[in-house]
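In what follows, every chain begins at residue 1, and chains take the letters A, B, ... in the order their sequences are listed.
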Protein chains: 2
Amino acid sequence: MTHPDPVHPAWLPPEAFRAIGSRRTLVLGDGLLAGTVHDEVADACARHGGRVRRGAEDGPHDLVLALTTAEPLPAGVAGEVRPGSAIGAEGYVLARRDGVTVVLADEPAGLLYGLFHVVRLGERAFAGERQAEQHRPAMRRRMLDHWDNVDVHPVMGQVERGYAGGSIFWRDGAPRGDLARVRAYGRLLAACGVNAISVNNVNVHATEAHLLTDRLGDVAALADVLRPYGIGVHLSVSFASPVVLGGLATADPLDEDVRKWWAGVTERVYDAIPDFGGYVVKADSEGQPGPFAYGRDHADGANVLAEALEPYGGVVHWRAFVYNHRQDWRDRSTDRARAAYDHFAPLDGRFRDNVILQVKHGPVDFQVREPVSPVIAAMPATRLAVELQVTQEYTGQQRHVCYLGPMWREVLGFRPWGPDGPDGPSRPDGPDGTAAVTVADVAGGALGSGSGSGSGGGSYGDGDGYGGGLVGVSNVGDDPYWTGHPLAQANLYAFGRLAWAPETDPAAILDEWIDLTFTPATPSGTASGDAEPAETAETERLRRTLHAIMGGSWRAYERYTAPLGVGFMVRPGHHYGPDVDGYEYTPWGTYHFADRDGVGVDRTRATGTGFTGQYPPPWSQAYESLDRCPDELLLFFHHVPYGHVLHSGSTVIQHIYDTHFAGAEEAVEARRRWQEAAGLFDPSLHARVERLLDEQVRCAEEWRDQVNAYFFRKSGVPDLRGRRIP
Amino acid sequence: MTHPDPVHPAWLPPEAFRAIGSRRTLVLGDGLLAGTVHDEVADACARHGGRVRRGAEDGPHDLVLALTTAEPLPAGVAGEVRPGSAIGAEGYVLARRDGVTVVLADEPAGLLYGLFHVVRLGERAFAGERQAEQHRPAMRRRMLDHWDNVDVHPVMGQVERGYAGGSIFWRDGAPRGDLARVRAYGRLLAACGVNAISVNNVNVHATEAHLLTDRLGDVAALADVLRPYGIGVHLSVSFASPVVLGGLATADPLDEDVRKWWAGVTERVYDAIPDFGGYVVKADSEGQPGPFAYGRDHADGANVLAEALEPYGGVVHWRAFVYNHRQDWRDRSTDRARAAYDHFAPLDGRFRDNVILQVKHGPVDFQVREPVSPVIAAMPATRLAVELQVTQEYTGQQRHVCYLGPMWREVLGFRPWGPDGPDGPSRPDGPDGTAAVTVADVAGGALGSGSGSGSGGGSYGDGDGYGGGLVGVSNVGDDPYWTGHPLAQANLYAFGRLAWAPETDPAAILDEWIDLTFTPATPSGTASGDAEPAETAETERLRRTLHAIMGGSWRAYERYTAPLGVGFMVRPGHHYGPDVDGYEYTPWGTYHFADRDGVGVDRTRATGTGFTGQYPPPWSQAYESLDRCPDELLLFFHHVPYGHVLHSGSTVIQHIYDTHFAGAEEAVEARRRWQEAAGLFDPSLHARVERLLDEQVRCAEEWRDQVNAYFFRKSGVPDLRGRRIP
């Protein structure tokens with residue numbers, strides 16, 4: 001460990017800037033982020049021979065990046081802005097006419113995002129004509145939560161559920177001090193559209209609590225470095241801060257001294273960090289303190305923090321992940337899946353306008369397959385952010401290839417009220433040909449509005465209000481590849497891109513990521529006349545290899561792990577690898593109830609926990625019905641005999657056998673593809689991925705054998721195809 | 001944690017010395033331990049008004065403790081030694097005639113053990129006449145292994161498998177420095193007959209390795225404090241020491257430089273600690289280094305250390321706990337139970353005379369019920385020590401009452417060649433009326449002799465050679481009650497007493513312990529004319545309470561945990577509480593193979609792993625036979641259907657239900673008895689035990705419900721008595 005490994009450039013290798021850096025660019029506009037845009041282009045030009053000018057100058061220019069407020073705009077550029085149509089805070093217009101590529105934005109952040117759009121296009125940005133396209137993010141807040149601890153936690157380590165080494169922010173109780181690394185991180189995030197991070201774990205331990213007060217300078221230092229890339233900084237705080245830090249006798253949110261304490265402390269935060277984003281709170285959950293201790297509800301709890309933040313435009317991300325983690329496994333009537341809805345739905349309308357209820361995408365906990373959380377359709381008068389887990393806690397811990405873009409796309413495209421539900425702002429060109437509201441619409445603010453000051457709700461596109469958002473739990477650490485598994489970079493990239501544009505095809509995002517990361521010289525779809533045929537063929541092989549390995553990796557992971565939506569079956573504690581009964585007799589509320597006759601959780605209204613009733617139609621009926629429930633969620637909603645026949649025509653038990661043999665085989669095939677592609681990748685990257693694929697194959701076979709053996713021993717049903725089950 | 005709790009006196013409260021301390025005592029003889037005897041009596045006299053003299057003096061005396069070499073012996077005392085019969089190194093003769101109680105010994109250690117015998121007798125020592133009784137320990141070495149780490153291990157902590165706080169020797173990488181505590185510990189050990197300890201964990205980590213060389217002074221300081229109580233100090237060493245500490249390129253035991261290195265380092269050890277006991281080695285096991293790395297066997301490995309120790313009379317305790325802990329659970333032909341025999345039996349006769357092969361009492365790992373290890377009968381030409389686990393890793397972790405005396409008595413009294421086997425030195429008055437060799441005889445050296453220098457084998461009673469021994473893994477820590485659970489003190493006490501006298505009834509040992517610890521003023525069986533009737537009644541209640549709670553606690557624990565000898569079913573890692581499948585699909589080799597039809601491990605020669613063949617007759621036949629296998633070991637040796645009928649008349653499945661309901665009910669009953677006895681105990685001790693019994697009840701019910709639910713789900717067989725199974 002004596003020589004620091006060089007940090008991998010991820011999707012911003014120098015080559016990605018060749019098209020821009022070899023041309024003549026004009027940057028028009030003031031402000032910190034316009035400066036960032038200029039400096040990015042200048043760096044690229046220094047490397048690739050182009051030039052960049054700032055302020056009004058005569059051309060010729062190949063690329064103009066201009067604020068709409070810049071005076072004077074060059075001839076022809078002003079016309080790209082449609083009269084009366086504001087582009088919006090982070091949006092931009094991209095066009096190309098008469099040999100000039102133009103990016104126009106109302107604000108400097110838009111210029112930055114426009115610049116990275118041009119980077120993604122590469123040579124294509126400078127070819128032909130391009131009708132003006134307006135781009136704006138679907139989500140106001142595209143945020144990564146870092147579960148990073150300042151102190152090394154005795155059980156959870158430096159980064160809770162982190163699989164990429166230590167934290168890039170903290171080490172052994174102190175700031176890491178490597179601000180160049182933080183800056184590089186901010187740049188990567190901006191390039192995929194992320195605009196906010198939370199810098200510490202939602203489980204706020206003793207040292208971390210002090211980031212709010214006497215260690216605030218550590219947070220301000222991070223904010224200073226991230227600001228030029230448009231990344232706002234948020235802080236996870238302890239609900240007990242008034243007691244723990246303030247020395248008050250109570251943290252009761254209705255106590256006047258507590259209100260004043262939060263107001264005072266928040267004022268000092270904004271003195272230090274004027275563009276501070278706000279607080280993230282995990283309250284009354286898994287041992288964290290919260291308002292229940294004072295007989296208050298979570299609206300009371302969230303509102304006292306929101307009130308303190310409101311003068312500065314800050315928000316509270318209040319997590320809906322509240323459940324009883326000391327459940328009695330013998331009690332089949334308690335259902336952890338119900339908990340978030342039961343706790344929060346009754347509070348709809350009671351949250352202040354700058355409270356954002358942060359809801360995990362599924363009702364349990366980031367399993368490889370869950371239904372969408374019913375909370376998302378249950379709180380029309382509340383701002384919501386949907387939380388995804390980029391760090392692969394339950395999806396292979398960055399030792400397995402598991403490209404999560406397709407899962408997130410499914411979640412974001414899910415229509416909580418069905419295809420005939422209320423229209424949202426979505427384009428009606430989805431696969432189901434309807435404009436009905438999607439999860440992405442809800443997260444984008446289509447429905448949510450606070451109950452409070454009347455600053456209005458509506459979609460972020462409306463340009464006012466606090467918006468909603470998409471939040472991802474970061475998968476980044478101080479690993480040289482950022483994410484442990486080099487291919488897990490794609491998940492970070494896809495998270496940002498889907499937060500900006502949730503309707504994007506995850507395969508297209510994968511292409512973008514591949515082209516930027518591995519083949520910047522020959523972007524996808526370019527008719528690259530100067531690229532040599534051999535190189536093009538290699539590039540195509542590389543692209544096909546990565547699509548083959550990554551494109552279906554989420555579903556392959558699903559196949560070899562817990563079947564049919566039943567979840568868990570992981571080793572308790574670290575959550576890696578199989579243990580079918582690992583959580584079956586625990587207080588954690590995550591059971592499969594397998595016996596010699598059948599398996600699954602009866603969550604119906606008719607005979608089970610009634611969880612299906614938390615959904616609006618048509619899902620409340622579909623999930624309730626054994627006939628209509630989607631196969632992939634069958635065991636999440638129903639307890640069925642092993643002989644139950646799926647829509648696929650297979651029995652449950654045979655499906656278990658078939659998918660587990662198939663999933664493990666896919667891991668073997670992925671390794672084979674990777675081995676064949678040795679010459680196409682940097683050798684050290686290739687070697688690391690190859691080692692990881694060995695582990696993935698081993699672990700997938702372990703999953704296969706344990707799950708199959710478990711269900712064979714329970715059911716006694718032999719495999720129809722006579723394969724060996726140990 | 002600011003005020004240190006006072007340390008509990010365990011079985012040596014001041015009251016235990018009242019009978020001696022109120023009388024007139026003469027101590028005759030020189031030497032360090034004779035001084036200890038004098039000082040003990042003097043302390044008691046200072047408290048209770050008696051007097052003590054040293055050296056020949058006129059009487060009258062109530063008690064004379066004299067070395068046979070003392071000149072002149074008082075009149076009447078010399079006659080207690082039978083002509084020509086040496087008492088032996090640690091033995092003593094106890095007699096009472098003409099109003100004088102006499103303890104005679106050849107060596108000072110015998111005086112010390114005799115003194116503590118008188119302490120145990122209390123007033124009875126000074127009543128009536130007493131024919132001369134000769135006492136000598138069955139085992140040469142009665143040893144406690146401390147699995148204490150010097151550094152806090154990141155997973156295992158300060159004491160591996162320790163349930164009584166930190167170490168009394170080490171803290172956070174350094175000696176603890178509380179030598180008064182160590183001295184008090186040595187005194188307790190001497191009082192129950194222990195004469196050796198190993199001061200560090202058999203898993204020797206980086207810091208601990210240095211105790212052998214540059215940190216040897218830390219060991220010498222402990223030896224200095226323990227020497228006055230006759231406790232020899234041993235050290236766990238790393239087999240890789242020549243590499244790790246010596247800078248050699250190899251630790252190959254046949255390498256000449258390695259031999260020289262061990263010789264040199266051992267010479268320095270004896271320079272610092274002239275009565276150093278020897279080395280303890282865990283090699284080629286669970287990641288520890290060993291001779292296999294050099295293509296050598298374990299005789300080669302042990303002998304190189306033994307050769308270095310031989311000039312000083314030191315011994316190597318070489319652990320037989322060698323197995324493959326990376327087993328493939330799919331492979332049913334590999335059997336961890338076979339491992340120790342397979343590794344070591346072929347080496348019989350190849351170990352040097354001062355190698356003691358340290359064999360766990362069962363073939364697997366300290367489960368609540370295992371057969372006796374076949375290694376014990378397999379190595380007649382090798383010195384053996386039998387290893388017991390006093391620390392309750394698998395027997396409730398000192399949160400559950402589990403008095404292990406009865407289990408150890410069963411093990412020590414087991415006749416490896418059956419009741420018709422070769423005669424041992426045991427008295428033929430056992431329950432089976434035979435003098436056939438027992439496990440205790442083997443551990444006592446009845447069979448074992450080294451292959452080496454011809455210094456002879458034979459029982460320790462023969463007075464020469466290195467002997468065998470009984471080794472216990474210590475349950476002691478820096479907890480104020482020494483053992484976490486106050487009642488777990490009885491296990492430490494019983495270990496020492498059984499190591500001295502293996503044929504002792506564990507109920508009698510429990511009485512001794514109760515009387516010393518709780519009611520020293522009124523020892524059991526005394527016609528105490530001056531005790532008030534009320535006190536006697538209370539004392540009797542206390543004794544009955546503790547017998548009710550502790551006497552059957554091992555079998556109660558067996559009832560509510562893994563059934564019929566199958567073992568494990570504990571939570572992986574920490575090993576506390578139930579997890580029926582916790583180890584079922586792991587590499588650890590501990591499986592139960594339950595499926596919908598049956599459960600158990602087929603270890604027969606006919607259809608299983610062949611493990612039964614490692615036993616000599618009659619056990620090889622008895623264990624092989626489904627009809628003759630004892631019920632309590634049935635699932636250790638056989639895989640049977642749930643409907644298999646036991647000798648008890650119950651089916652296996654009904655036995656599982658019945659024992660689990662009964663065992664949990666016994667825990668409830670134990671708590672009830674304890675609650676009723678509130679007034680009989682020190683309030684803080686009572687409160688601590690009451691809290692622990694609450695946890696025991698909770699945990700026993702968890703065991704009951706998980707095991708019953710698991711087997712009901714698997715078998716589908718309802719409880720005949722219709723009780724609720726969750």
Side-chain angles (χ1 to χ4, degrees), chain A residues 152-157 326-334 569-574 576-588 591-599 639 641-642 653 698-699 701-718 724-726, chain B residues 152-157 326-334 569-574 576-588 591-599 639 641-642 653 698-699 701-718 724-726:
Chain A
V152 175
H153 185 273
V155 176
M156 291 300 178
R326 304 226 182 278
Q327 188 177 328
D328 186 347
W329 60 268
R330 303 163 186 83
D331 165 23
R332 292 207 185 188
S333 66
T334 302
M569 302 191 171
V570 292
R571 277 264 142 188
H574 60 60
Y576 184 76
D579 185 350
V580 179
D581 266 3
Y583 276 101
E584 192 59 15
Y585 303 95
T586 75
W588 292 95
Y591 315 118
H592 54 66
F593 300 120
D595 60 22
R596 74 196 322 256
D597 302 315
V599 58
H639 187 93
Y642 292 116
I653 188 70
R698 184 206 65 76
C699 189
E701 292 177 345
E702 192 66 31
W703 271 101
R704 175 196 66 197
D705 289 343
Q706 285 200 30
V707 171
N708 284 348
Y710 180 96
F711 284 104
F712 175 65
R713 289 192 194 179
K714 271 231 155 92
S715 71
V717 179
R724 178 172 177 270
I725 293 175
Chain B
V152 176
H153 185 273
V155 176
M156 290 300 176
R326 303 225 182 280
Q327 187 177 330
D328 185 346
W329 60 267
R330 304 162 186 82
D331 164 23
R332 292 206 185 187
S333 66
T334 301
M569 303 191 169
V570 293
R571 277 265 144 191
H574 59 59
Y576 185 74
D579 185 349
V580 179
D581 267 3
Y583 276 101
E584 192 59 16
Y585 304 95
T586 74
W588 292 95
Y591 315 118
H592 53 66
F593 300 120
D595 61 21
R596 74 196 320 256
D597 301 314
V599 59
H639 186 95
Y642 292 115
I653 188 71
R698 183 206 66 74
C699 190
E701 292 177 346
E702 192 67 31
W703 271 102
R704 174 195 68 197
D705 289 345
Q706 286 200 31
V707 171
N708 284 347
Y710 181 96
F711 284 103
F712 176 65
R713 289 191 195 180
K714 271 231 156 96
S715 71
V717 179
R724 179 174 175 269
I725 293 174

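Residue contact with chain B, scored on non-hydrogen atoms closer than 4.5 Å, involves the backbone and the side chain of A/E702 alike. Contact annotation for A/A594: only backbone heavy atoms (N, CA, C, O) come within less than 4.5 Å of a heavy atom of chain B. Using a 4.5 Å cut-off between heavy atoms, A/P572 touches chain B through its side chain atoms alone.
With sequence neighbours excluded, the residues forming a ring pair (Phe, Tyr, Trp, His ring centres under 6.0 Å) with A/H592 are A/Y710, listed by chain and number.
Comparing A/G582, A/P154, A/G716, A/S715 by how many heavy-atom pairs each has under 4.5 Å with chain B, the most go to A/S715.
The closest donor-acceptor contact from the side chain of A/R596 to the backbone of B/K714 lies under 3.5 Å.
The OG1 atom of A/T586 lies 9.5 Å from the CG atom of B/D579; values are rounded to the nearest 0.5 Å.
Closest approach of A/Q706 to B/W329, counting heavy atoms only: CG-CZ2, 3.5 Å.
The shortest side-chain heavy-atom distance between A/D581 and B/R713 does not fall under the 4.5 Å cut-off.
The environment of A/R326 atom CZ is sparse: at most 12 non-hydrogen atoms of other residues, nucleotides or ligands sit within 6.0 angstrom.
A salt bridge is defined here as a Lys NZ or Arg NE, NH1 or NH2 lying under 4.0 Å from an Asp or Glu carboxylate O, and A/D705 with B/R330 meets this definition.
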